[in-house]
Every structure is written in C-alpha cells, then in structure tokens.
Amino acid sequence: MNKSVRVRFAPSPTGHLHIGNVRTAILNWLFARHSGGAFILRIEDTDIERSTKVSEESILEDLHWLTLDWDEGPEKGGAFGPYRQSERLDLYQHYAQQLIASTKAYYCFCTESELEAARDNAMAQGGGQVHYSGKCRSLTPAQQAEARAKGIAPAIRFQVPAQAVSFTDLVKGELTFPENTFGDFVIVRSGGLPTYNFAAVIDDHLMNISHVIRGDDHVSNTPKQKLLYEAFGWDVPAFCHIPMILGEDRSRLSKRHGATSLDQFAEKGYLPEAIINFLSLLSWSSESGEEVLTIARLIKEFSFARINNSAAVFDTTKLNWMNGVYIRKLDPEQLVHRTAPFLRQAGYTLPDNDTLKALLVLLQESVEYLEQYVEKTAFFFGERIHLTDGAAIAMSQSEASEKVYWSFLRQLENVEDFTPGIFRDIMKTVNQETGVMGKDLWMPIRIALTGAMHGPDLPKLAALLGKERVRQMVLHIVE
Ligand code: GLU
C-alpha cells in the first residue's frame, strides 16, 4: 500500500509550547515538506480543566514565529476538519458506541473511590503494576440499569484482548509489549469526554494520518492505540518515537534548566531559522556531518534512518554559537528589522536608519542573541559611560592615559567632521605628541567611548558617535 504522506502535530493547549514539542513539530514538518505530503495541526483540547484558548493562541503564534506553516488545521480549515478535538466529541461517541456494539468496549460504573480502594488493596497484596480488575466487563443489562438508576454515570472501557502487542518503530525498531502490560483502559470518561488514546486514534484514522511522529514519552501509549486500530479493523499508521531531550545534567529537560518554552527563546532574540536548525540536530544528523544547514537542506536531507535512537542533550552553548552564526548571516536591513524591537523595548530612542544599521553591523560579530544588543549598544544610547570594570578604571586613570586624553581633546579642535580616517589621523598625532603607543594609546579612548576594554572597531565606532559626543565622553572621563 502506498499511502501519501500525511503527518500531524497535535499539541494539547495547556501552556506554552515546550522545546520538546517544538522539535516534534519541526520533524513532522520537515518530513511533510521532504515528501511533498501534508502537515496537519490538530488541537488536542479534551482535557477541559487544563486546556485554554490562550494557550492555543500562543501555540499558533509560536508556530507562525517559527515559520512552520500547516496545510490543514485551525485558521486554515481542510477536508478532514474540524481540527479541534473539542469540536469532534460526537465522533468519539459514535465510535465508542460502535465498540460497545461489537462487545469490544463496555460501560464501567466503578466510582473513583472504588477504583482507588481496589488499587490500594491490590498493592497491599503484592504491589507491582495494578490493572483494572475487569469487574464491569460482564455486567448484565439489569445490573447496568440498576447502576444508572443510582445516578452513576458510566465511563467506557476498552476490553483489552489477551495478547502481546508488537509494532515496528521507525527509530526504535521492533517493540513488543507482553500480554498484561496494561488492563482495560478508559476510552470515554464518565463525563462523556474521550481520553487521549482514544481521540488520537479516531482522529489519526479519520484524518488519514500515514506517520505518527512524536516524543518517546508516548511509546507506552502506542500498544493501546494499536489495539484500538485493530478493534476497528483499520490500517495502523507508521510510528516514529523521537528520543527525549535532556538538560546538561542529563536529567529530563525542565524549567529548572532555564528557558524551556519557545516564547522565552523568542524573547531573548534567538532566530527561528537557528532554532529550527538546532532542534533538528538534536535528534537527527546530516550525512555530510555539517551542522549549519539551511531549512531547504534540512528538508532535502530528512530521513528517519538518520534519527538518533538515544536521548539528546540540550547544549545552550552550542545553541548560542549557532544563533550567532545566523545573526551574522543577516543582511543589515534584516538585522535592523529584527533588532529594533529589542532596543525600543529597552527604552532607547532609535537614530536614523543608516546610523542604526552601521551601529548594529559594527557589533554583529559579537552578538549571540539579539537581546545582547541592548547592553552592547548602551554606550551609544546612554547619556554617560559608567565605568564598572576595575581594570578599565585603573587604566583610564593612569598617567599615560591622562596625557592621551588631553592631547586627543586638543586635536579634536582642529577637525570639523569625523570619519574613521580622520580619527586614525588624530590618533597618529596623539602618538607623536605624547610618545604613547599601541595598547596604551588606544585603550584609554576605547574605555572612554564604550566603558569596556574590548569591542568593535574603534575608528568606525568613533565616527558613528560623531565628534561632539566623542568630545563629551572623553571630557567626562578626564574631568
Ligand atoms: N496531545 C499529545 C501531546 O501533546 C499528542 C501526542 C501525539 O502526538 O499523539 O503530547
């Protein structure tokens, strides 16, 4: 059977998009684009206590920011909608009834407290995994009517056949779950809402999903889902479970490792193209061994065979390096466009476009994420330089530096405008006049203009500041 590729990203809108989910979305999208298939976005919002519209909106916003476009789903529509599970509840009911009619599922009237007591009891008897006893499997219609009369709203449980379940995972290979790995599980809760395993199967089938690509925290759900497909007599999609992402201490990536949701990375000025590249490489590698890969190449080279079967460590240093590479690839126009919001948010009044462009380009080499521009351009936007670095303070106060500053100020009297060339000429004259050379000549001026001992090209920077501001800054430090 040669089914066309249809994959889905199916987030539950219970918070911001976590970096692990982002990676799942990216791999699905890359595979869809690689194979000319469809990428479907489905919102799994049947957990009504935890799902919110705000989360759904933020997920869509995050996907837009990443530039992952979907072919069917919210905002887009499509032939297999609706794409929000809360709008498909009648479908789940319909299919649950079908399983009841074929005695593959049954009503369960056990209350939460009865189930808990049964679990406690079984634990006390011998511990281990405790499954549902199957108590309601064979209730007679009369017993069911009696329970209903008591006002108990039943759940619907799937009757798990006594058999082992195997499937071939595209990354993990053949996986087998022995008989009795789990008991009869709930497919529709007593309130009428489907459980994740049930709704996902119904939707993946009705939406013609060919490949289910998701995090390997779902591996233990897959045998349950496979049994459901078989109970309906439906084709089973291919499964691919991607290994989880670990923090640098090799524990599961979580909030205590720092930023873990996509919006936090966006707020710091990571670029979507860098995030896509970086997260793709967390589970996959190019045959060429190259690491900086355009989206076009990621799409072209995607293959399940190159997905790693071991957990990946989220290395922030590497992400920062890679983001820096992408920042340096931005042309000046793009650089301004993407950085301006960060500067405005810092309260800076932006200069004309050409000056801003020159300023940002000057610092482009040294920035790993755009938010760093706020601090790195503080000398330009601030009123005054505040020296905080002890070595810089000492240097600015040395005898040689004093000589340099006063000589420099005198030279400024002789020039009208200020270009990198004029600045260099001035420095030459200061050298001749004071006898101070090299680092001792340049560093005091750098400190006066930026407050730091390292930074971008000084003549260019001085030209950007302009003669009058340079004069003020040097005066400020000697006075
Ligand atoms: N809503 C599930 C989740 O966010 C989807 C899992 C799946 O892809 O089947 O984890």
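For the single chain, residues carry numbers from 1 onward in sequence order. Order of appearance sets the numbers: ligands from 1, and atoms from 1 within every ligand.
Atoms of ligand 1 found under 4.0 Å from any heavy atom of Ser12 (numbered from 1 in listed order, with element): 1 (N), 2 (C), 3 (C), 4 (O). Each of the following atoms of ligand 1 lies closer than 4.0 Å to a heavy atom of Glu44: 1 (N), 2 (C), 5 (C).
Between the side chains of Asn221 and His218, at least one donor-acceptor pair of N or O atoms lies under 3.5 Å. A donor atom on one side chain and an acceptor atom on the other are found under 3.5 Å apart for Asp249 and His257. For the residue pair Asp45/Ser86, the side-chain donor-acceptor check at 3.5 Å is satisfied. A donor-acceptor pair shorter than 3.5 Å can be found between the side chains of Arg306 and Ser285.
The protein heavy-atom contact nearest to atom 8 (O) of ligand 1 is Arg8 NH1, 2.7 Å. At the shortest separation from atom 7 (C) of ligand 1 among protein heavy atoms lies Tyr196 OH, 3.3 Å.
Around the CZ atom of Arg50, the shell of radius 6.0 Å holds no more than 12 heavy atoms that belong to other residues, nucleotides or ligands.
Note: an N/O pair closer than 3.5 Å links Ala10 and ligand 1 by distance alone.
Here Phe9 has no heavy atoms under 4.0 Å from ligand 1, in either its backbone or its side chain. The proximity of Ala200 to ligand 1, defined as any non-hydrogen pair under 4.0 Å, does not occur for either the backbone or the side chain.
Residue nearest to atom 3 (C) of ligand 1, selected from Arg214, His241, Gln85, His218: His218 (by heavy-atom distance).
The shortest distance between side-chain heavy atoms of Val165 and Leu227 falls below 4.5 Å.
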